Amino acid sequence: PTHAITDDGDKIHIDPYLCQGCGTCMLVCPSGAVSSNPILDDDPLERICSELGSCPDPSQVCVLLYDTLLAQKRLEDMKCGLRTKIVPIALRELSTLGMEAWLTALSCGAGKVVLLSGAHVTQNSMRSLEQQIAFTRSMLAGMGFNPNRLCIIQFEKCRDFSDAFGIETSSPVMGAVAFNRLNGKRKNIDKAMRRLVCLAPKPCVDEVRLGAGAPFGGLSIDKEKCTLCMGCVKPCPTSALRRAGELSDPKLGFVESLCVQCGICASACPEQAIRLAPRMVYDLQLRKEVQILNESPPFKCISCGRPFTTRAIVELMSERLGDNPFFQGDAINKLKQCPDCRSHYNVIEQLERVTGNQGE
């Protein structure tokens, strides 16, 4: 919201004079690379687990996340007359915690998670919170949970808090478990999802589609366009894309659990063959396995027989350079030779030209 973050292409820089500590960058960061100092702050994940672990029936408990600008007295007035037990967790800013905290609370058996915002929350932060909540609610609905178990309300606009904090149904509990912010954002999300999948009332689908901008998902490859040039592998910042075979068996591998849907691979692809597919696959083991997105028979050098590229690349280059004057006649065969044989061919060609000129 304050334009404190800039980038130079390889790194981001946060201007401490512009940064107001709202935490929106931490909320939307898909990898958890941006975080607050864990030494200076209490770990809210540990507090959530500790509070729920001490409750005899956490399924009847509502975890309330609010920031310190909402006065404690106002919260005490709000809780008067409520039948639901409230576990309040004060945060420096509401957007400093994201789905790792919300899913953690639900996986520890909480009946509901409510984010209480005030009018002081910026529009940018509120949009980011609502977007992340929408992703999380879709993930919950796909497992058969009531998505209303996670919601955000604005203090000034809510008049009936009994409805906002009401617990509709009870949920099974697996027992207390330790979550720690130092484990990393995505590891905590995976851990919470693993527990929620076990508790899911009816996991009837293998995956759920998420909206654009979601931090989880796969890739859709147009195999007609993809030449397996591997131009998408090197720029991938998380190594989700990788070469899965040798030159004799070219394959493009992909590990979905590592993909943060940054879109760098789609931008780097020279053939525009990659599309993002935001989703959540509930088989977490499948998400960690290497999937083969595309494969192609290798092309062997017409001179030495050594495989050096894919057939699709040779066919594409032959088509695009067919009208080039430097690749007319037998010269087009240079594209069908490995680098060593091509260099050998070029040297012989130069020698023959020089010898011919000297003879004249």
Side-chain angles (χ1 to χ4, degrees), residues 42-68 70 72-91 94 96-117 129 132-133 135-153 155 158-181 183 187-204 280 282 284:
D42 293 332
D43 190 344
L45 290 181
E46 290 184 350
R47 290 167 53 200
I48 291 173
C49 295
S50 176
E51 292 282 355
L52 293 175
S54 62
C55 295
D57 186 7
S59 65
Q60 298 303 309
V61 172
C62 176
V63 174
L64 172 64
L65 302 176
Y66 69 100
D67 61 53
T68 51
L70 286 172
Q72 185 69 30
K73 183 179 183 304
R74 297 170 73 183
L75 291 177
E76 293 299 328
D77 295 340
M78 178 196 68
K79 290 192 293 184
C80 292
L82 293 181
R83 297 181 180 180
T84 305
K85 181 178 179 181
I86 303 295
V87 173
I89 304 293
L91 304 173
L94 191 62
T96 55
L97 279 184
M99 62 174 66
E100 73 277 13
W102 313 332
L103 293 171
T104 292
L106 294 174
S107 71
C108 289
K112 196 168 188 177
V113 176
V114 175
L115 283 69
L116 187 63
S117 72
L129 280 167
Q132 295 296 311
I133 288 174
F135 295 151
T136 309
R137 286 163 64 99
S138 296
M139 291 157 57
L140 292 172
M143 291 183 286
F145 292 110
N146 185 347
N148 292 326
R149 291 179 63 181
L150 171 64
C151 66
I152 183 170
I153 59 175
F155 188 93
C158 188
R159 297 184 178 181
D160 189 355
F161 290 101
S162 59
D163 289 341
F165 293 96
I167 305 296
E168 298 180 6
T169 58
S170 60
S171 58
V173 182
M174 292 182 64
V177 65
F179 284 80
N180 191 303
R181 186 168 52 177
N183 292 337
K187 286 186 178 180
N188 281 322
I189 291 175
D190 285 347
K191 188 175 183 180
M193 285 296 297
R194 189 175 296 108
R195 289 170 59 86
L196 286 171
V197 168
C198 295
L199 297 172
K202 48 178 181 179
C204 54
M280 169 54 69
Y282 294 117
L284 300 184

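In this text the structure is predicted, and so the values were computed from the model without any measurement.
Interatomic distance, CE of Met143 versus SG of Cys198, reported as 10.5 Å (0.5 Å rounding). With rounding to the nearest 0.5 angstrom, the OG atom of Ser107 is 11.5 Å from the CD1 atom of Ile189. With rounding to the nearest 0.5 Å, the separation of CG in Leu199 from CG in Leu106 is 10.0 Å. Separation of atoms NZ (Lys112) and CG (Asn148) is listed at 6.5 Å; rounding is to 0.5 Å. Of the inter-residue distances, the one linking Leu140 atom CG with Met280 atom CE reads 10.5 Å to the nearest 0.5 angstrom. Rounding to the nearest 0.5 angstrom, the gap separating the CG atom in Leu97 from the CD1 atom in Ile89 is 9.5 Å.
Contact annotation: the side chain of Leu94 approaches that of Leu129 to within less than 4.5 Å [non-hydrogen atoms, C-beta and beyond]. The shortest distance between side-chain heavy atoms of Val87 and Cys62 does not fall below 4.5 Å. Put simply, the side chain of Lys85 reaches to within 4.5 Å of the side chain of Cys55, judged on heavy atoms.
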Please lay out, stage by stage, how Arg137 and Ile133 fare under the test side-chain contact (heavy atoms from CB on, under 4.5 Å). CA-CA 6 Å; Arg137 286 163 64 99; Ile133 288 174; 3.4 Å; yes
Just do the side-chain contact (heavy atoms from CB on, under 4.5 Å) check on Tyr66 and Leu115 with the steps written out, would you? CA-CA 6 Å; Tyr66 69 100; Leu115 283 69; over 6 Å; no
Is there a side-chain contact (heavy atoms from CB on, under 4.5 Å) between Met193 and Met139? Walk through the geometry before answering. CA-CA 9 Å; Met193 285 296 297; Met139 291 157 57; 3.7 Å; yes
Determine, stepwise, if the pair Ile153 / Ser117 fulfils side-chain contact (heavy atoms from CB on, under 4.5 Å). CA-CA 6 Å; Ile153 59 175; Ser117 72; over 6 Å; no
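The two residues Cys108 and Leu52 make their nearest non-hydrogen contact at CB-CD1, 3.7 Å. Residues Leu91 and Pro44 come closest through the heavy atom pair CD2-CB, 4.0 Å. Taking all atoms of both residues into account, the shortest heavy-atom contact from Tyr282 to Gly142 is OH-CA, 3.2 Å. For Phe135 against Met99, the heavy-atom pair with the smallest separation is CB-CE, 4.1 Å. Nearest heavy-atom pair, Leu284 versus Asp190, reported as atom, atom and distance to 0.1 Å: CD1-O, 3.5 Å. The nearest pair of heavy atoms linking Leu65 to Val113 is CD1-CG1, 4.3 Å.
The side chain to side chain contact (heavy atoms under 4.5 Å, CB included) test applied to Ser138 returns Leu210, not counting sequence neighbours.
In this structure, the side chain of Arg149 engages the main chain of Ala110 through a donor-acceptor pair within 3.5 Å. Formation of a donor-acceptor pair under 3.5 Å by the Thr104 side chain with backbone atoms of Glu100 is found in this model.
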